[in-house]
Amino acid sequence: GNHDYLSNGSTIYKKMFGPVNFFFEYSGYRFVGFNDNVWENNNLPPDFEWLNQVLDNGSRKSILVAHIQPWTDDQLGEKYSLAYEASAKAGNVILSIGGHSHGFLHSIKDNIHYLIAGSVTTGGISIVN
């Protein structure tokens, strides 16, 4: 999450787990972890060049996990929200999962399911099959 970037969070994460942007393949799907934090990441833009390269022009179905979903926070704004959606659409993303706004939301746009998983602090969890 974005608050994990405060203080030394980014450094600790990278030391423990590796790069903040990563992907792996499982059962015919590409799972992509994408860092779209802006404000707590020194106002750096998300690395959409990396994302587009990893999504590989939609060569396989992908599941994209990022903290902030498009249009749910001023942090992404119109510019980054449009870039996020364009990458997801071109990259054959079938599901985009986030959590920043802490409340459950499911919507579908351009045949992509957008899910905000909610928060255990508000009494909700999401199980995705």
Side-chain angles (χ1 to χ4, degrees):
N2 56 306
H3 298 289
D4 300 321
Y5 257 77
L6 301 175
S7 210
N8 293 319
S10 175
T11 302
I12 294 167
Y13 178 93
K14 290 173 190 173
K15 206 176 228 186
M16 290 179 68
F17 302 109
V20 293
N21 291 322
F22 61 91
F23 71 94
F24 62 91
E25 295 188 16
Y26 178 76
S27 192
Y29 293 91
R30 179 165 280 186
F31 290 80
V32 180
F34 181 58
N35 175 23
D36 64 350
N37 290 313
V38 177
W39 294 341
E40 290 85 356
N41 191 23
N42 297 318
N43 288 315
L44 294 172
D47 192 350
F48 289 106
E49 185 177 321
W50 176 88
L51 180 61
N52 292 328
Q53 185 176 21
V54 165
L55 291 174
D56 194 26
N57 295 318
S59 64
R60 66 193 52 80
K61 290 181 180 179
S62 296
I63 296 170
L64 177 57
V65 180
H67 186 59
I68 305 169
Q69 294 295 282
W71 310 109
T72 61
D73 191 271
D74 291 339
Q75 186 168 169
L76 289 185
E78 183 175 6
K79 179 181 177 182
Y80 298 143
S81 289
L82 286 170
Y84 188 108
E85 285 184 334
S87 295
K89 187 175 178 181
N92 199 14
V93 170
I94 59 169
L95 173 62
S96 175
I97 302 174
H100 181 69
S101 59
H102 298 263
F104 178 82
L105 174 79
H106 174 242
S107 64
I108 302 170
K109 184 175 181 185
D110 296 322
N111 293 320
I112 301 168
H113 290 259
Y114 289 91
L115 174 68
I116 298 176
S119 167
V120 294
T121 61
T122 59
I125 62 168
S126 296
I127 300 172
V128 179
N129 297 337

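Put simply, the side chain of Asn92 does not reach to within 4.5 Å of the side chain of Ser62, judged on heavy atoms. Side-chain atoms of Pro46 and Val38, non-hydrogen and from C-beta on, do get closer than 4.5 Å to each other. Side-chain contact check for Trp50 versus Asn35: every heavy-atom pair is 4.5 Å or farther apart. Looking only at side-chain heavy atoms (C-beta outward), Lys14 and Val20 come within less than 4.5 Å of each other.
Between Ile63 atom CD1 and Phe23 atom CZ the span is 15.0 Å, to the nearest 0.5 Å. Taking CZ from Phe48 and OH from Tyr80, the interatomic distance works out to 8.0 Å, rounded to the nearest 0.5 Å. Ile94 contributes atom CD1, which lies 11.0 Å from atom CG of Asn111 (distance to the nearest 0.5 angstrom).
For the pair Leu55 and Gly91, the tightest heavy-atom approach, listed with the atom from each and the gap, is CB-CA, 3.8 Å.
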Between Ser96 and Tyr84, is a side-chain contact (heavy atoms from CB on, under 4.5 Å) present by the stated rule, with each step listed?
-> CA-CA 10 Å; Ser96 175; Tyr84 188 108; 2.7 Å; yes
Apply side-chain contact (heavy atoms from CB on, under 4.5 Å) to Leu51 and Leu64, showing your working.
-> CA-CA 10 Å; Leu51 180 61; Leu64 177 57; 3.8 Å; yes
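A salt bridge (Lys or Arg N to Asp or Glu O under 4.0 Å) check over residues 42-71, counting only residues at least two apart or in different chains, returns the pairs Glu25-Arg60, Asp56-Arg60.
Under the side chain to side chain donor-acceptor pair (under 3.5 Å) criterion, Ser81 pairs with no residue at all, not counting sequence neighbours.
Using a 4.5 Å cut-off between side-chain heavy atoms of Ile, Leu, Val, Met, Phe, Trp and Tyr, with links allowed through other members, Tyr29 and Phe24 fall into the same hydrophobic cluster. At a threshold of 4.5 Å between side-chain heavy atoms, the hydrophobic network of Ile, Leu, Val, Met, Phe, Trp and Tyr places Ile108 and Ile97 in two separate groups. Using a 4.5 Å cut-off between side-chain heavy atoms of Ile, Leu, Val, Met, Phe, Trp and Tyr, with links allowed through other members, Phe17 and Ile12 fall into the same hydrophobic cluster.
Taking Ile, Leu, Val, Met, Phe, Trp and Tyr as hydrophobic and joining them when side-chain heavy atoms fall under 4.5 Å apart, one finds Leu82 in a cluster with Trp71.
The backbone N or O of Ser59 lies less than 3.5 Å from no partner atom in the side chain of Arg30, so there is not a single donor-acceptor pair.
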